[in-house]
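Written below as structure tokens is the structure these notes are about.
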Amino acid sequence: MIRIAAFLILIGFAMPATAADPDTPVPSKLKLFRDWIVTCDNGGGCEAASLSSEDGTLQDAGLLVQRAADGTVAVKVADMTGKAQSARVRIDGRAVATVPLPQQAEGWLRRAPATALVAAMVHGRRAAILTPDAKPVSLAGASAAFRYMDERQKRAGTTSALVAKGTARYRGKPPVLPIVRIVTPPPGAAPSIPSAAIADMRRRLDCRNSLGSPVSAESYRLDRRSTLVLMSCGAGAYNYLVKPLIWRDGRLAPARFDFAFPFAEEAKPGGAVTLVNSEWSPTGRLSSWGKGRGLGDCGDRQSFGWDGTRFRLLEAASMTECRGAIDTLHVWRTRPVAMAAR
């Protein structure tokens with residue numbers, strides 16, 4: 001099977017930038033059950049996605065099941081052709097749900113309709129999404145994935161379980177999401193970074209851009225004294241790499257992260273991490289989206305925020321199977337709290 005592991009071997013495994021401490025994020029792992037993949041994040045929320053039955057191929061349509069820590073169920077339905085405006089979900093020949101697909105041929109079922117669909121999938125053998133043509137969706141492994149949710153949320157044996165139902169009342173409490181204080185960037189243009197400083201960092205970090213790859217060093221204000229510099233450091237067919245740097249008090253240095261995702265090799269002490277297809281938002285969010293392949297159906301997404309001294313991982317999602325999943329699955333979440341620039 002085509003898994004993201006091959007991609008990670010090529011560009012390095014994601015790992016903490018420093019030794020683990022109470023503030024070091026610990027993203028959850030994804031677990032595969034035949035044609036379904038599932039994970040439950042640090043906040044107690046679980047997600048499971050359908051996959052193509054054939055290795056390396058896309059789905060014509062797919063499903064993603066979410067179960068929040070409070071037990072609320074939602075199902076995302078997607079037509080991968082991008083043309084349908086509505087869809088019917090059929091289980092064993094019986095229409096179970098109808099959902100509009102208002103944005104990019106995607107739509108959501110929530111509350112009772114979502115719960116009814118999941119219940120039908122648990123005992124079903126065949127599923128199809130009609131748009132109006134019938135597009136098959138494999139249910140192999142779906143029940144096992146939902147049972148995994150029951151176990152991780154400690155609902156197995158209770159009346160609230162999806163699969164492992166019992167008579168006990170659910171009395172669990174979801175984990176508390178970590179609070180992360182993030183600086184709101186001040187208004188105004190970023191200061192000009194001396195070209196000599198950037199050239200020196202390119203040499204030190206071995207960022208000799210290959211022929212045809214973009215050469216850039218975009219800068220953004222983080223707070224009153226610090227400026228983020230996203231310095232290009234090579235590119236592939238579908239991944240554009242940058243080194244995040246900090247310009248502060250007339251000195252350019254690699255940015256610090258509480259959880260780094262180094263590529264090619266483990267980050268060396270004092271070295272810079274690598275972000276992929278990175279974007280900066282005026283709201284103070286720095287993103288990275290490393291694709292496992294050009295189709296974009298697998299890979300890792302992260303969102304970071306600046307706390308005044310380093311970038312903190314606010315959210316992360318992953319898809320380790322390159323088999324046409326309609327979205328990545330959340331593996332880490334936080335509660336960001338904005339604070340004024342210092």
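Quick caveat: nothing in here was measured; it's all calculated off a predicted structure. The first residue in the sequence is number 1, and the count goes up from there.
Ala140 is linked by a side-chain contact (heavy atoms from CB on, under 4.5 Å) to Arg34, Asp35, Ser138, counting only residues two or more places apart in sequence or in another chain. The salt bridge (Lys or Arg N to Asp or Glu O under 4.0 Å) check on Arg203 picks up Asp200, with sequence neighbours excluded. Scored by the salt bridge (Lys or Arg N to Asp or Glu O under 4.0 Å) test, Arg67 finds Asp150 as partners (sequence neighbours excluded). In terms of the salt bridge (Lys or Arg N to Asp or Glu O under 4.0 Å) criterion, Arg90 has no residue partners (sequence neighbours excluded). Residues forming a salt bridge (Lys or Arg N to Asp or Glu O under 4.0 Å) with Glu315 (at least two apart in sequence, or on another chain): none. The side-chain hydrogen bond (donor to acceptor under 3.5 Å, both in side chains) check on Glu218 picks up Tyr220, with sequence neighbours excluded. Taking Thr309 as the reference, Arg256, Asp307 meet the side-chain contact (heavy atoms from CB on, under 4.5 Å) condition, with sequence neighbours excluded. Judged as a side-chain hydrogen bond (donor to acceptor under 3.5 Å, both in side chains), and not counting sequence neighbours, Ser219 has no contacts.
Using a 3.5 Å distance cut-off with no hydrogens or angles, the side chains of Thr159 and Lys165 do not pair a donor with an acceptor. Arg202 and Ser232 form a side-chain donor-acceptor contact under 3.5 Å, judged by distance and modelled atom types alone. With hydrogens and angles left out, the side-chain atoms of Ser303 and Arg285 include no donor and acceptor closer than 3.5 Å.
Pairs passing the side chain to side chain donor-acceptor pair (under 3.5 Å) check and including a residue from residues 123-133, sequence neighbours excluded, read Thr131-Lys135.
Atom NZ of Lys31 sits in a sparse spot, with 12 or fewer heavy atoms from other residues, nucleotides or ligands closer than 6.0 Å.
Cluster membership for Val75 and Leu329, using ILVMFWY side-chain heavy atoms within less than 4.5 angstrom, is not shared. Connection of Leu117 to Leu139 is established within a shared hydrophobic cluster, with ILVMFWY side chains joined at heavy-atom distances below 4.5 Å, either directly or through further cluster members.
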Result block: side-chain N/O donor-acceptor pairs under 3.5 angstrom for residues 172-188, not counting sequence neighbours:
none

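Members clustered with Leu295: Leu58, by chain and number, using a 4.5 Å side-chain heavy-atom cutoff among hydrophobic residues. Through ILVMFWY side-chain contacts below 4.5 Å, Trp289 is grouped with nothing and stands alone.
Asp297 has a carboxylate O that lies under 4.0 Å from a charged side-chain N of Arg293, or vice versa, which qualifies the two as a salt bridge.
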